[in-house]
Structure formats: structure tokens, C-alpha cells
Amino acid sequence: MTTVALIDCNNYYVSCERAFDASLNGVPVVVASNNDGCAIARSSEAKALGVKMGDPIHLIRDRLNKHGVVVRSSNYTLYGDMQRRVVAAVEEFASEVEIYSIDETFLDLEPFADRDLVDHANAMRDQVRRWTTIPTCVGIAPTKTLAKLANAAAKKNPLFDGVADLRDPVLRSWVLDRFPAGDVWGVGRATATKLAEIGITTAGQIRDMQMKQARGLGTVVLERLVAELQGVAASAVEVIEPQRRGMAVTRSFGTPVHDIETLMGAVAQYAMRAGEKLRQHGLVAGQLSVFFHTNRFKAGAGQYQGARRMALHPMTADSLELLAAARRGVEAAWRDGYAYTKAGIMLDDLVAAELRPRTLFEGDVERRDRLMTALDEVNGRFGKFTAVPAAQGFRRDWKMRAENRSPAWTTRIDEVPTVRAD
DNA sequence: TCTGGGGTCCTAGGACCC
DNA sequence: TCTGGGGTCCTAGGACCC
């Protein structure tokens, strides 16, 4: 038997915004996705007003205004930096820590299993609060899937007061019988529908499925899920970050793009950013895909999706090589006469830079490496886009909207909060 | 005017091989 | 006229996650 906990930050992006702006406390707050498109985080007050995850901001604008909901553009630099602090606050409470997402961390609590784990979890929550101000909930159970479920129960049911320890089988069954099948981690819309067709609507019923039935209805994924709900771990708390398989830089445009030069400018910026990400992770890529498409939500408008995949040999993390490949892809896939609203670059076949296969005719790789290092340093020190290739252009009409972005409170010296005594 | 941006894993089916 | 029985690898697409 293992003992797993999941600690999850409440309304994470909103809580990060509130950490540096007390005026947001007690009022409804929504954090919008890139381009100020959708609601991706909501304070409890905003949830109470009926704002749903993924609601398009422009469709609910009136309601937001009427209730005085504060809308913040997303500030991922801030959220990423705050995550580091949360993880640091949590580490001493577990033997192993797996960062699962920007606001969730799995903990191996096996060595602490004979303590009162509710007390243990509350001490951990206090520490996170003190270090970051961020409120959290904790779920404890024998497997990760059950810990996820326990966490959801801790959040939803006031009875638990923020910490649900479901190691006790009787309590666990009680919760599972009342937990909607579609809310179980790993059960999405398609699977929920299939389950409902055979009368399965609770987590308890999924747990009681025959393995063969689970396999037949879904795939091995559902089979594993049944095992996890039965308390048999199908996945462990993983400390080591797995090798990444792919990487992407994609953005919607603030205004539609009609000409290839402007599109190239956007794609050039994404290529530069993709190279930077590769180098940060010490990786090289073997394949680059570029795509661009029209607004699929717009009925009646001409629709087109352009995409090309280019092999990169030698494998590379050189932004200028990525840029050249992306340009060739755009040229090949371009079609006049459409209003493009989104483009992106995806990298595949990722390999650690030091394991990169060598080829003949590579050119002066070291010199280019030094150029890229210099580029990263300049842009790191003086801000993004200080040094850019001419192809990126100087006008960025297409750039995304972020009208209510909070400052980089914790990561840029010129934007740290100041306190005045007057 | 207007709907995010990342990721992972699994399966089916085609191409190709002996 | 006859037309096996395995393999592997790759890709596209679906489903799911935050």
C-alpha cells in the first residue's frame, strides 16, 4: 500500500494575482487566457456569478461589467515563479515530490503514514500560506487517481475543511458512491457518455467494473483507472522529469492577418521563441511543423488550414535554422485571400543536445552556438525582443491582446512592488 | 472586434520487410 | 492458377489533462 497526497492551489491564477494586489480580495476576479479570449481561472465570487471555465470573455462581457468582475490578462511569468515558491514550501513534508501541473503537486507520504495526516497536511497548507499567501486543498489516498478524487472532495465538501484523507475504506466508498463518473481524473466527455449508456454514473460504479469490461469499453487507460480506484497503484509518484517528446509555440492573433509578410513576421517570432525554449531545456529538435489557419468559429467565412512538416538535419536548437525551415513551410502552404487568425510552430523528435547525432557538413556549429548564447543573454537581461532577426519585422499588428496584465512583480527588478510610507 | 496554449498517451491502419 | 504469416515502424487522429 502506498500513501499519496495531492496538494492543489485554489483558483491558482487568481490567487497569484491577489498575492500582490489586495484590492482583488473579496471581489469577483477572472483571469483570461492569452489574447484575453476565455476565462481560465475564476475566484469563488466569480464562480458564484456563473462564470464558467472556458467562457469566451466577449460573450459574457455584459455580465462581467454588470457585476463588477475584475478581468486580468494571464501573466504566466508570475504564475511560474509563484509555483517554485509553493513547491519549496511543500518539500519538507514529503519524501518525494512530483510537480504535476502549474498548480498541483503529488507527494509521497509513505514515511509519514503512521502520523495523523490531516494534521500533517494542515501544517503544510499553513506553510504554503505563509510563504506565498496561496490557499490550497489536500487529498490523501492509496493511489494518485484516488488522491485526485480526494482533493476534489476536499474542495467541494465543506465537511472536509480543505483536507480529505480517504485511506479509510468505508469513508472512501462513501465518497466514491457520491462522486460523478465524469469528474474522475481520466474520464472525459466521450468516456463519460459511453459509461452512462451502460448505467455507470458514479466513481463507485467505475471501481466495481470488471477489468475486461473496462478494456472493452475504453482502452488500457480505463483498465488502469479501474485498478487505481480499487486502490491498486498503476502509476507511481515520479520524481524524475520524463524526457519531453514535443514542444510548441502557438498564438492567436489580436487582429486577422491577410498577407504573407505579416504572417512570416509572427512565425519568425515563434521560431525564435521555440529555439529559446529548446536551449533552455538543453534539447535539439529533428522535426519542425508550422501551421496557420482561419477562424473556425466564423460561419460563412472562407476556411483554410495550411501546414507543413520539415525535417531538421542536422538536428538543431538554432533559432535561425528553425526560422529558415518555418519560412519554407509557410511559403509552401500559403494561400492568398483568407483571414488568418492563428499560427504556430511545433517541434518533434527532441533529443538531449549532447546526444545529438553528428552529421557531415554541419558548418561552424560552435560559432552558431555562441551566437545563440549571446542572443539568449541579451534578451534575458534587457527583455524579450531586444535582439531579433530582421525577418521578425518591427511592426507587430497581429500581436495578441493582453489589456489588463499585472506587472512581473517577482521576476523583473523594474516591476517589483514598492511600498510607500506617506 | 470577438472563442488559449500548451502537453501526454493510445490505437488503428498503412507501408514495408522477410 | 496460385496469393501466408508473421514482424516493425510510422503517422494520423482521438481522447484526455491543466
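Naming convention: chains lettered A, B, ... in sequence-line order (proteins, then strands); numbering from 1 in each chain.
Atom CZ of A:Phe297 and atom C1' of B:dT3 are 4 Å apart (whole Å). Between A:Tyr13 atom OH and B:dG4 atom P the separation is 15 Å, expressed in whole Å. Nucleotide B:dC2 holds its P atom 17 Å from the CG atom of A:Asn34, rounded to whole Å. Atom CD of A:Glu238 is separated from atom P of B:dT8 by 14 Å (rounded to the nearest Å). Protein atom CD of A:Gln305 is 14 Å distant from nucleotide atom P of C:dA12, rounded to whole Å. Atom-to-atom, CD1 of A:Ile99 to P of C:dC18 comes out at 16 Å; the value is rounded to the nearest Å. Atom NE2 in A:His58 sits about 10 Å away from atom P in B:dG4, given to the nearest Å. Computed from coordinates, the A:Ile102 CD1 to C:dC18 P distance equals 14 Å when rounded to whole Å.
The nearest heavy atom of DNA chain B to A:Met247 and to A:Arg224 marks one nucleotide each, and the one closer to the 5' end goes with A:Met247. Where A:Gly54 and A:Gly246 each meet DNA chain B at their nearest nucleotide, the meeting point lying more 5' is that of A:Gly54.
For the side-chain contact (heavy atoms from CB on, under 4.5 Å) test with A:Leu229, the passing option among A:Leu225, A:Val226, A:Val232 is A:Leu225; the others fail. Each of A:Lys148, A:Lys155, A:Lys144 was compared with A:Glu104 under the salt bridge (Lys or Arg N to Asp or Glu O under 4.0 Å) criterion, and only A:Lys148 meets it. Screening A:Phe253, A:Phe291, A:Trp334 for a ring pair (Phe, Tyr, Trp, His ring centres under 6.0 Å) with A:Tyr340, the sole residue that qualifies is A:Trp334.
When the nucleotides B:dT8, C:dC16, B:dG5 are ranked by their closest atom to the side chain of A:Arg244, B:dT8 comes out on top. Side-chain proximity of A:Arg245 to B:dT3, B:dG4, B:dT8: nearest is B:dT8. Taking every side-chain heavy atom of A:Thr250 into account, B:dG5 is the closest of B:dT3, C:dC18, B:dG5. Comparing B:dG4, B:dG5, C:dC16 by their closest approach to the side chain of A:Ile40 singles out B:dG4. Nearest to the side chain of A:Lys277, among C:dC17, B:dG4, B:dG6, sits B:dG6. Proximity note for A:Val249 (side chain, C-beta onward) versus C:dC18, C:dA15, B:dG6: the nearest is B:dG6. Minimum atom distance to the side chain of A:Thr219 is reached by B:dT11, of the listed B:dG6, B:dT11, C:dC18. Listed nucleotides B:dT3, B:dG6, B:dG5 differ in distance to A:Leu59; the shortest reach to its side chain belongs to B:dT3. When the nucleotides B:dC2, C:dT11, B:dG7 are ranked by their closest atom to the side chain of A:Arg309, C:dT11 comes out on top. The nucleotide whose nearest atom lies closest to any side-chain atom of A:Ala190 is, among B:dG7, B:dC10, C:dC16, C:dC16.
Within the nucleic acid shown, A:Arg215 comes within 4.0 Å of sugar-phosphate atoms alone, with no base atom in reach, counting heavy atoms only. Nucleic acid contact class of A:Val31 (heavy atoms, under 4.0 Å, all strands): none. The residue A:Lys148 sits close only to the backbone: its heavy atoms come under 4.0 Å of sugar-phosphate atoms, none of a base. Contacts of A:Asp55 with the nucleic acid, taken as non-hydrogen atoms under 4.0 Å apart, are absent. As judged by a 4.0 angstrom heavy-atom cut-off over every strand, A:Arg296 is placed among residues making no nucleic acid contact.
Using a cutoff of 4.0 Å between basic side-chain nitrogens and carboxylate oxygens, A:Asp126 and A:Arg129 are not scored as salt-bridged. A salt bridge does not link A:Arg309 to A:Asp348: none of the charged side-chain nitrogens sits closer than 4.0 Å to a carboxylate oxygen. Note on A:Arg273 versus A:Glu276: salt bridge recorded, some NZ/NE/NH1/NH2 to OD/OE distance being below 4.0 Å.
Annotation for A:Ala153 and A:Val175: closest pair CB-CG1, 4.1 Å, computed over non-hydrogen atoms.
Listed pair A:Arg251 / B:dG6 meets the phosphate criterion, a side-chain N or O lying under 4.0 Å from OP1 or OP2. Within the 4.0 Å cut-off from OP1 or OP2 of B:dT3, at least one side-chain nitrogen or oxygen of A:Asn295 is found. Residue A:Ser33 places no side-chain N or O under 4.0 Å from the OP1 or OP2 atom of B:dT3. Here A:Lys342 does not reach the OP1 or OP2 of B:dC2: none of its side-chain N or O atoms lies under 4.0 Å away. The phosphate of C:dC16 (OP1 or OP2) has a side-chain N or O of A:Thr191 nearer than 4.0 angstrom.
Here B:dT8 sits opposite C:dA15 as a Watson-Crick or G-U wobble pair (both hydrogen-bonding atom distances under 3.5 Å).
Using atom C1' as the reference point in both C:dG4 and B:dC16, the two lie 16 Å apart (nearest Å). Comparing the P positions of C:dC18 and B:dC2 gives a spacing of 30 Å, expressed to the nearest Å.
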